Protein chains: 2
Amino acid sequence: MAGRSSTPGRSVTSRALAVLGAFDTGAPRLSLSEIAERSAMPLTTVHRLLGELTDWGALQRRPDGRYEIGRRLWDLGLLAPVQLELRQVAAPFLLDVHTATRDTVHLAVREGRSALYVERVSGRESVPVVSQVGSRLPLHATAVGKVLLAAAPEDVAEAVLRAPTRETRHTIVDPGRLRREIAEVRRRGYARTAEEMSLGTLSVAVPVRVERPAGPAVVAALGIVVPSHRRDLLRLVPVLEVAARGIGRELARAQPFH
Amino acid sequence: MAGRSSTPGRSVTSRALAVLGAFDTGAPRLSLSEIAERSAMPLTTVHRLLGELTDWGALQRRPDGRYEIGRRLWDLGLLAPVQLELRQVAAPFLLDVHTATRDTVHLAVREGRSALYVERVSGRESVPVVSQVGSRLPLHATAVGKVLLAAAPEDVAEAVLRAPTRETRHTIVDPGRLRREIAEVRRRGYARTAEEMSLGTLSVAVPVRVERPAGPAVVAALGIVVPSHRRDLLRLVPVLEVAARGIGRELARAQPFH
DNA sequence: CTCCCTGCTTCCGACCACCGGAAGCGATCG
DNA sequence: CGATCGCTTCCGGTGGTCGGAAGCAGGGAG
């Protein structure tokens, strides 16, 4: 760039993106000086970039002077493949499961070593919410996570199993036991958890498979969460399976391959 | 910027944003040369910017070489106020209405002279879909639109009423008749349409109000769409009203003012 | 097999848009 | 009323950026 840059070698674009990167779930509304701090850039520079981003509609300014994500970025986000392909196809099926069971249903994909929650249907909150659309939870402590873990490439599974975090006192952190559990998920075709991520809840999940030239591939996991006093958890597995197959079939139709 | 720029005076940031702006609903996956064309920039320049945007995660590259919106932009989109405040609060209420009626329910806000659809719940499609989350439809031809129009500032309403587009053969395009209809919406507290936007469907909608220091403000519209052979449309108004009040109350609690 | 075409990637020198400290401004607080 | 805090405006020196040209890869025609 130019001028007496104190951090030479940094492109303008990367700075603009750093401004956007200052926003996250914990900080969705930020003032100029907060953004400058979070992005580690001079206040003046941030000010100029904010002007351009706001003009375009990437950000917008609130009456109180803070900035927040603008409509234009919301629009763009709707074009992301998770949203456009997976969510739109899956949403009606999640609704079906919810209608049949009245419990919280959600759909997740694997992103690196986390389960990324892509869609969620829940009525008035009967169970405390740990997962929200867009949140990432560990693969080894959730039912959807275990399903995704069982289908993950060897190196990812290895990395997760080596150092599992403890989320509650029931989280399985013994690599050997986790490994056996994952093997069982593969064999049985579903995964379950009992208060391993949040106390007071049980969960089951099944894989969503899509037929590919190279054989079926697990592209997502469909799970349901219930309060832990429920005893009939496994009764839900067939319901989930029906929905998961429906999603898989629709996906295969929507995107012939790839 | 620098170099033998053929369009001097254009900032780097605006170019990066122009690349993002090349993506829209009709073109969610683009190749390098398509983006260059759509953004009216030299191929080389676009190539460089794409590299940076992809590295950051704003875009991602598909196996076939095209680009699409990346996870990181999807994430940011989730932080937009429509999503974070309105949608999240409203979703359970839409679900309730859907459960009670089995019809397609949606929530829209006014954006300029359009109704922007913010959330939608529909089971397996019984009615052809014109509205999707993120789509914009005219204010004068949809039930949610009429509700929003009835609450819009005078200049906006004036502009819409002056030149209403014809969507179907039932669309009301006579300014005088539209004006009377809007007045009636204000009086009765709900709006309806009969095949004015898409043939074969009827719709009713009610306003979602939030208490403000300056009195109640209409922040959104809640509507329901049914096939046109249904005769009991107005029976749905009280159901919508209950849900709309619930949403309004939750919103007021979530954002004490503003 | 070779040639041509299309679309993407790499290279690099001239140049001007960008950087950010400094100063100004308006609101809030003690 | 002076001090402080946060935002906005100003402006000169310079290194990041621009984009034509050339190289490369893949695929289709002859």
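Just so we're on the same page: letters track the sequence lines, and every chain starts at 1. Computed from heavy atoms alone, side chains included, the values below leave out hydrogens, waters and symmetry copies. As the structure is a prediction and not an experimental result, all values here were calculated from the model.
If you check every strand for non-hydrogen atoms under 4.0 Å, B:Arg61 touches sugar and phosphate atoms only.
Comparing atom distances between the A:Thr44 side chain and each of C:dC18, D:dG19, C:dG21 picks out C:dG21 as nearest. For B:Leu32, the side-chain atoms get nearest to C:dT9 when compared with the rest of D:dG19, C:dT9, C:dC18. Looking at the side chain of B:Pro42, the nearest of the listed nucleotides D:dG6, C:dC8, D:dG19 is D:dG19. Checking D:dC7, D:dG19, D:dC10 against the side-chain heavy atoms of A:Leu43 singles out D:dC7 as nearest.
D:dA21 atom C1' lies 15 Å from atom NE2 of B:His47, rounded to whole Å. A:Asp64 has its CG atom 16 Å from the P atom of C:dA27, to the nearest Å. Taking atom CG of residue B:Leu49 and atom P of nucleotide D:dG19, one finds them 10 Å apart after rounding to whole Å. Note: CG (A:Leu30) to P (D:dC7) measures 11 Å, nearest angstrom. Per the geometry, CD belonging to A:Glu52 stands 10 Å off C1' belonging to C:dC18, to the nearest Å. For A:Glu34 and D:dG6, the CD to P distance is 9 Å, given to the nearest whole Å. Rounded to a whole Å, the CD1 atom of A:Ile35 is 15 Å from the C1' atom of D:dT8. When rounded to the nearest whole Å, the span between CE of A:Met41 and C1' of C:dG21 equals 16 Å.
Within the structure, every side-chain polar atom (N or O) of B:Arg15 is placed at least 4.0 Å from both OP1 and OP2 of C:dC18. Here B:Ser33 does not reach the OP1 or OP2 of C:dT6: none of its side-chain N or O atoms lies under 4.0 Å away.
By the 4.5 Å heavy-atom criterion applied to side chains, A:Val82 and A:Arg87 are not counted as neighbours. Side-chain contact between A:Asp75 and B:Arg136 is present, with at least one heavy-atom pair separated by less than 4.5 Å.
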| side chain to side chain donor-acceptor pair (under 3.5 Å) between B:Arg120 and B:Ser122: does it pass, once the steps are laid out? | CA-CA 7 Å; B:Arg120 184 179 113 92; B:Ser122 71; 3.1 Å; yes
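Residue whose closest nucleotide on DNA chain D sits further toward the 5' end, between A:Thr13 and A:Ser31: A:Ser31.
Summarising the geometry, atom OG1 belonging to B:Thr54 is positioned 7.5 Å from atom CZ belonging to B:Arg61; distances are rounded to the nearest 0.5 Å.
By the 4.0 Å N-to-carboxylate-O rule, B:Asp64 lies too far from B:Arg29 to be salt-bridged with it.
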